[in-house]
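The block underneath contains the structure these notes are about, expressed in structure tokens.
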Amino acid sequence: MTSVKKGGITVVVGAALGAPLVALAGQRWGRKRVFIGGSMLAITGALCAAVSIEFSSFSGFVLSSTLLGVAIAVAQQYRFAAMECVTAELVPQAASRVLLGGLFAAFLGPELAVQGKSLFNTPYLGSLLLLA
């Protein structure tokens, strides 16, 4: 298994481990604070992953990927927050709009990865910086 595949696995593990923690944090501190913290975690994870690949630190890359997974667990809560903030008749539209944002990201993300791949001498360093 290549290092990139192992890093991808840790994103999934981070999301799985982070999901219950995110729910508890949302109850304790409120969703707004958790969403802001999740965004900061995503930026931190992407920047740490960039530093890790620049310095060839596999353990740093794995940790960074796990942080990105937790940030994904936070992002999965957006649709629930959107549905709770509107009247009952607007729930389907609120959920659809959040999911539409995910579709937009599904097109934008790979394009950023391709465009950033060769911005620096280290492959994908630019992709991670664009992600941040």
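Just so it is clear, the model here is predicted, and its values are computed rather than measured. The chain is numbered in sequence order, starting from 1.
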request  = Output the distance between atom CZ (Phe120) and atom CG (Leu128), rounded to the nearest 0.5 Å.
outcome  = 10.5 Å
Minimum-distance pair of heavy atoms, taken over all atoms of Ser57 and Gly60 = OG-N, 3.1 Å
Distance-minimising heavy-atom pair for Ala19 and Ala73 = N-CB, 3.7 Å
message = Assigning hydrophobic clusters by single linkage (Ile, Leu, Val, Met, Phe, Trp, Tyr; side-chain heavy-atom cutoff under 4.5 Å), is Leu67 placed with Met40?
response = no
query = Looking at Ala94 and Ala82, what are the two nearest heavy atoms and their distance?
reply = CB-O, 3.7 Å
inquiry  = Can you give me the closest heavy-atom contact between Ala106 and Pro110, atom names plus distance?
reply    = O-CD, 3.0 Å
inquiry  = Would you say that Gln93 contacts Leu90 through its side chain, given a criterion of any heavy-atom pair below 4.5 Å between the two side chains?
reply    = yes
message = Could you measure the distance from the CD atom of Gln76 to the CD1 atom of Ile72? Nearest 0.5 Å is fine.
response = 7.5 Å
ask   = According to a 4.5 Å side-chain heavy-atom criterion applied to Ile, Leu, Val, Met, Phe, Trp and Tyr, with indirect links allowed, do Val22 and Val98 form part of one hydrophobic cluster?
value = yes
key: Residue list, side chain to side chain contact (heavy atoms under 4.5 Å, CB included) with Glu54, at least two apart or on another chain   = Thr122, Leu125
key: Those residues that, when tested against Thr87, pass side-chain hydrogen bond (donor to acceptor under 3.5 Å, both in side chains) (two or more places apart)   = Glu89
ask   = Should Leu129 and Leu47 count as side-chain neighbours, where that means a heavy-atom distance under 4.5 Å?
value = yes
task = Apply side chain to side chain contact (heavy atoms under 4.5 Å, CB included) to Leu17 and list each qualifying residue two or more places apart in sequence or on a separate chain.
result = Val13
ask   = Listed by chain and number, what are the ring pair (Phe, Tyr, Trp, His ring centres under 6.0 Å) partners of Tyr124, not counting sequence neighbours?
value = none
request  = Could you grab the distance from atom CZ of Phe58 to atom OG of Ser52, nearest 0.5 Å is fine?
outcome  = 10.5 Å
ask   = Does any N or O in the side chain of Ser65 come within less than 3.5 Å of the main-chain N or O of Thr10, such that one atom is a donor and the other an acceptor?
value = no
request  = Kindly work out whether a path of hydrophobic side-chain contacts (I/L/V/M/F/W/Y, heavy atoms less than 4.5 Å apart) joins Phe80 to Val91.
outcome  = yes
ask   = What distance separates Leu68 CG from Leu63 CG, expressed to the nearest 0.5 Å?
value = 10.0 Å
task = Indicate yes or no for a side-chain donor-acceptor contact from Ser64 to the backbone of Ala49 under 3.5 Å, with no hydrogens or angles considered.
result = yes
Side chains of Leu119 and Leu130 in contact at under 4.5 Å (non-hydrogen atoms) = yes
message = I need the Leu24 CG to Trp29 CH2 distance, nearest 0.5 Å.
response = 9.0 Å
ask   = Sequence neighbours excluded, which residues qualify as salt bridge (Lys or Arg N to Asp or Glu O under 4.0 Å) partners of Arg79?
value = none
message = For residues Leu131 and Ile53: do they belong to one hydrophobic cluster (side chain heavy atoms under 4.5 Å, members Ile, Leu, Val, Met, Phe, Trp, Tyr)?
response = yes
ask   = Hey, what else clusters with Leu103 if you join Ile, Leu, Val, Met, Phe, Trp, Tyr whenever side-chain heavy atoms sit under 4.5 Å?
value = Leu100
key: pair Val34-Val74: side-chain heavy atoms closer than 4.5 Å   = yes
task = Grab the two heavy atoms, one from Met83 and one from Ala95, that are nearest each other, plus how far apart they are.
result = SD-CB, 3.6 Å
